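Structure record follows, encoded as structure tokens.
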Protein chains: 2
Amino acid sequence: MARTAVTNHIRRLRQERTGMTQEALAQTCQVTRQTIIALEAGRYAPSLELAFRIAHALGAPLAEVFEWDPASAA
Amino acid sequence: MARTAVTNHIRRLRQERTGMTQEALAQTCQVTRQTIIALEAGRYAPSLELAFRIAHALGAPLAEVFEWDPASAA
DNA sequence: CCGGCATGTAAAGAAAGTTTGACATCGCTC
DNA sequence: GAGCGATGTCAAACTTTCTTTACATGCCGG
């Protein structure tokens with residue numbers, strides 16, 4: 001259906017806080033580089049479990065990495 | 001992936017804080033009752049977007065509803 | 001130049017999450 | 001002791017997320 005109401009700051013946090021490459025972040029989170037690319041591009045939202053892993057890898061609380069807009073959910 | 005490393009307190013919060021039925025929570029979150037049943041039973045973890053909707057419906061921050069155990073992720 | 005490295009695209013398919021519908025049980029109340 | 005509301009099971013279809021593989025681009029160092 002639609003283009004998810006969830007946005008993320010993965011790219012910014014990855015670069016500013018960790019300096020990691022997409023590849024490195026992917027490995028840390030145990031997913032493929034493709035997945036990171038798709039998420040940073042906002043093509044879809046991650047599963048809850050992956051969201052937790054990414055936030056952990058970026059050293060930020062989940063809510064700081066991912067934002068949800070209740071309005072666009074109606 | 002196997003059985004998710006994410007646990008939740010949906011049932012408890014639903015009963016204690018909202019008094020809602022599964023059906024009512026399902027409607028509030030715009031999912032079916034089946035989904036709520038499966039989540040409360042821990043059969044799988046929700047998508048990130050649904051997790052946000054559920055937390056919102058329960059009046060609690062996401063991190064209070066869902067817990068992730070980094071250990072069981074390795 | 002040429003090489004490597006980081007990032008990007010694309011498509012097929014597997015896996016996880018969600019829906020639909022039909023039906024069972026338990027507790028309550030009329 | 002039938003009816004109803006809340007909860008539960010099962011299973012098949014379906015959608016979204018994730019993987020795999022292969023190839024393209026831009027940048028920088030030697």
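Just the heavy atoms: all of them, side chains too, but no hydrogens, waters or symmetry mates, feed the values below. Predicted model, so just to flag it, every value in this text is computed and none were measured. Chain identifiers are assigned alphabetically (A, B, ...) following the order of the sequence lines, protein sequences preceding nucleic acid strands; residue numbering begins at 1 within each chain.
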Step by step, work out the side-chain hydrogen bond (donor to acceptor under 3.5 Å, both in side chains) result for A/E64 and A/H9. CA-CA 8 Å; A/E64 197 175 305; A/H9 304 292; over 6 Å; no

Given 3.5 Å as the limit, does a donor-acceptor pair link the side chain of B/N8 with the main chain of B/G42, or not?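 Not confirmed, B/N8 side chain does not pair with B/G42 backbone.
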
Sidechain-backbone polar pair: B/R17 side chain, B/G59 backbone, donor-acceptor under 3.5 Å: yes

Could you check how far [atom1] of [X] sits from [atom2] of [N], rounded to whole Å?
X: B/L25; N: D/dA6; atom1: CG; atom2: C1'; result: 14 Å
X: A/E49; N: D/dT17; atom1: CD; atom2: P; result: 15 Å
X: A/Y44; N: C/dA10; atom1: OH; atom2: P; result: 14 Å
X: A/I37; N: D/dA22; atom1: CD1; atom2: C1'; result: 13 Å
X: A/I36; N: D/dT19; atom1: CD1; atom2: P; result: 9 Å
X: A/E23; N: C/dG8; atom1: CD; atom2: P; result: 13 Å
X: B/I10; N: D/dA6; atom1: CD1; atom2: P; result: 19 Å

Taking the nucleotide of DNA chain D with the nearest heavy atom to each, does B/E40 or A/L48 sit closer to the 5' end?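 Counting from the 5' end, the first nearest nucleotide belongs to B/E40.
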
Heavy-atom nearest nucleotide on DNA chain D for A/T32 versus B/M20: which residue maps closer to 5'? B/M20

Which of the following nucleotides, [options], is nearest to the side chain of [X]?
X: B/A45; options: C/dG17, D/dT17, C/dT9; value: C/dG17
X: A/R33; options: D/dT7, D/dC18, C/dT7; value: C/dT7
X: B/R11; options: D/dT19, D/dG8, C/dT7; value: D/dG8
X: A/L50; options: C/dG8, C/dT18, D/dC18; value: D/dC18

Ionic contact status for B/R11 with B/E16, cut-off 4.0 Å: no

Side-chain N or O of [X] versus OP1/OP2 of [N]: is the shortest distance under 4.0 Å?
X: B/R43; N: D/dT9; result: yes
X: B/Q22; N: D/dG5; result: no
X: A/S47; N: D/dC18; result: yes
X: B/T35; N: C/dG17; result: no
X: B/R14; N: D/dT7; result: yes

Reckon A/A38 touches a base, only the sugar-phosphate, or nothing at all at heavy-atom distances under 4.0 Å? nothing

Give the ring-plane orientation class for A/F52 versus B/W68, where under 30° counts as parallel, over 60° as perpendicular and anything between as tilted. parallel

Interatomic spacing from CD1 in A/I54 to OG1 in A/T28 - rounded to 0.5 Å: 11.0 Å

Any N or O donor-acceptor pair linking the side chain of A/Q30 to the base of D/dC18 at under 3.5 Å?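 Between D/dC18 and A/Q30, which were checked side chain against base, a qualifying N/O pair under 3.5 Å is absent.
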
So does A/Q34 reach the base of C/dT9 with its side chain, donor to acceptor, closer than 3.5 Å?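 Check passes, donor-acceptor contact within cut-off.
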
